[in-house]
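All heavy atoms count here, side chains included; hydrogens, waters and symmetry mates do not. In this text the structure is predicted, and so the values were computed from the model without any measurement.
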Amino acid sequence: MKLDGIAAFVAIAEAGSISEAARRLRLSKSVVSERLAGLERSLGASLVHRSTRKLSLTDDGAAFLARATGAMRQLDAAVADLAESRSTLSGPLRISAPVAFAHLHLGPALYPFLLRHPEVELTLDLDDRRIEVQAESYDGVVRHGPLTDSRLIAWPLARSRRVLVASPGYLERYGAPRNLDELDGHRGVFYTHRGIADWRFVTPQGVVNVRARPGLRVNNGELMRDAAAAGIGIALLPMFIAGPAVRAGTLRVVDVGAETEAEFIYVAHAEARRPSAKLRAFAECLRQAFGDPPYWDI
């Protein structure tokens, strides 16, 4: 029985198909199929039903999966412990990160990490969608905003202050709102993944949700910034995106007398999987690079 066969079986069970497991393992579909077949031959049992488009486990497969998953996690932990004890980091590290934040800040922060640990093989996938960390075989995800998945454990990296911004031309044309009530009549530029209910402010009476009139919905923070600078409407943006435009004068901060809810940039990993030494070192490198307060707020 070979470990790569067990790893292939666990990946197939988590992904639901051989082709998706092959993509996550960075192998060809034929190699993954052969590793599964070899495992089944060594066990003398069929582990998956192959009659449907999405594979399902046999009774033997379901029973074996519980033990196999635990064994692979223990092996990962043993490798991580050995690496820590030797003060060396090596092997694959798979991270998902949001597109705009990676373009603007993540690259310069992680390059020193890769230079310091040349044996680490980093795969960085840029995607703003909600990631199933364990099911999609990520070691961790870099994210901004509230943590809504109870199956994840998050390590804060830096505070993230969000501000309302608009172009000088828009404010001259429509007037600058001076309080939350006056926001209702303005056009908003909204982030698709958060929706129009994203404008939440902390007041003495509690958290207040303001719904402006949608002028644009888009799933990219840099396009939100550019749309606001073009005069399309008011946008609620993190300073790591809006900061340079505010300092250059192409965007102005709109003061409505209330702050947004506190948010963080964080690295999260699956609760069920012990974080590796590589992931901990990766997170610490980012934390030091961003600073406290983060450099984009200064």
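Screening V141, L126, V142, L106 for a side-chain contact (heavy atoms from CB on, under 4.5 Å) involving I95 leaves a single residue, V142. Screening W296, F240, Y191 for a ring pair (Phe, Tyr, Trp, His ring centres under 6.0 Å) involving H144 leaves a single residue, F240.
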Inset, instruction - Any chance you could lay out the side-chain contact (heavy atoms from CB on, under 4.5 Å) test for E121 and R94, step after step, and finish with the verdict? - result: CA-CA 8 Å; E121 304 164 11; R94 190 163 182 243; over 6 Å; no

Legend entry - Pair R35-D4, salt bridge (charged side-chain N to carboxylate O under 4.0 Å, His left out): steps then yes or no: CA-CA 7 Å; R35 289 183 180 180; D4 57 10; 3.7 Å; yes

Inset, instruction - With side-chain contact (heavy atoms from CB on, under 4.5 Å) as the test, would you mind laying out the steps for L25 and V32 before giving the verdict? - result: CA-CA 9 Å; L25 293 171; V32 175; 4.2 Å; yes

Inset, instruction - Evaluate side-chain contact (heavy atoms from CB on, under 4.5 Å) for T123 paired with L93, printing each intermediate quantity in order. - result: CA-CA 6 Å; T123 298; L93 179 64; over 6 Å; no

Inset, instruction - Kindly determine whether K278 and E284 satisfy salt bridge (charged side-chain N to carboxylate O under 4.0 Å, His left out), including the steps that lead there. - result: CA-CA 10 Å; K278 287 174 291 188; E284 182 57 30; over 6 Å; no

Legend entry - R200 and E261: CA distance, side-chain angles, deciding distance, salt bridge (charged side-chain N to carboxylate O under 4.0 Å, His left out) verdict: CA-CA 7 Å; R200 294 167 58 84; E261 291 182 296; 2.8 Å; yes

Inset, instruction - Could you please spell out the steps behind the side-chain contact (heavy atoms from CB on, under 4.5 Å) verdict for R162 and M239? - result: CA-CA 6 Å; R162 296 199 299 163; M239 281 298 289; over 6 Å; no

Inset, instruction - Under the ring-ring contact (aromatic ring centres under 6.0 Å, His included) rule, what do F282 and H117 come out as? Steps first, then yes or no, please. - result: CA-CA 10 Å; F282 174 82; H117 305 290; over 10 Å; no

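The local environment of CZ in R67 is sparse, with at most 12 non-hydrogen atoms from other residues, nucleotides or ligands closer than 6.0 Å. Counting heavy-atom neighbours within 6.0 Å of D59 CG, excluding the residue itself, gives a total of 12 or less. Residue E259 places its CD atom among 12 or fewer non-hydrogen atoms of other residues, nucleotides or ligands, all under 6.0 Å distant.
Between R159 and D292 there is a salt bridge, with a side-chain nitrogen of the basic residue lying less than 4.0 Å from a carboxylate oxygen of the acidic one. Salt bridge annotation for R194-E263: present, with a cationic side-chain nitrogen under 4.0 angstrom from a carboxylate oxygen.
For an aromatic pair to be called close, the ring centres must be under 6.0 Å apart, and F101 with F290 satisfies this. Ring to ring, H269 and Y138 are not that close: their centroids are 6.0 angstrom or more apart.
Annotation: cation-pi geometry not satisfied between R217 and F190 (NZ/CZ under 6.0 angstrom from ring centroid, within 45° of ring axis).
Side-chain polar atoms of R225 and T250 form no donor-acceptor pair below 3.5 angstrom. No side-chain donor from either of S56 and H49 sits under 3.5 Å from a side-chain acceptor of the other.
A donor-acceptor pair under 3.5 Å is absent between the side-chain atoms of S160 and the main chain of I265, judged by distance alone.
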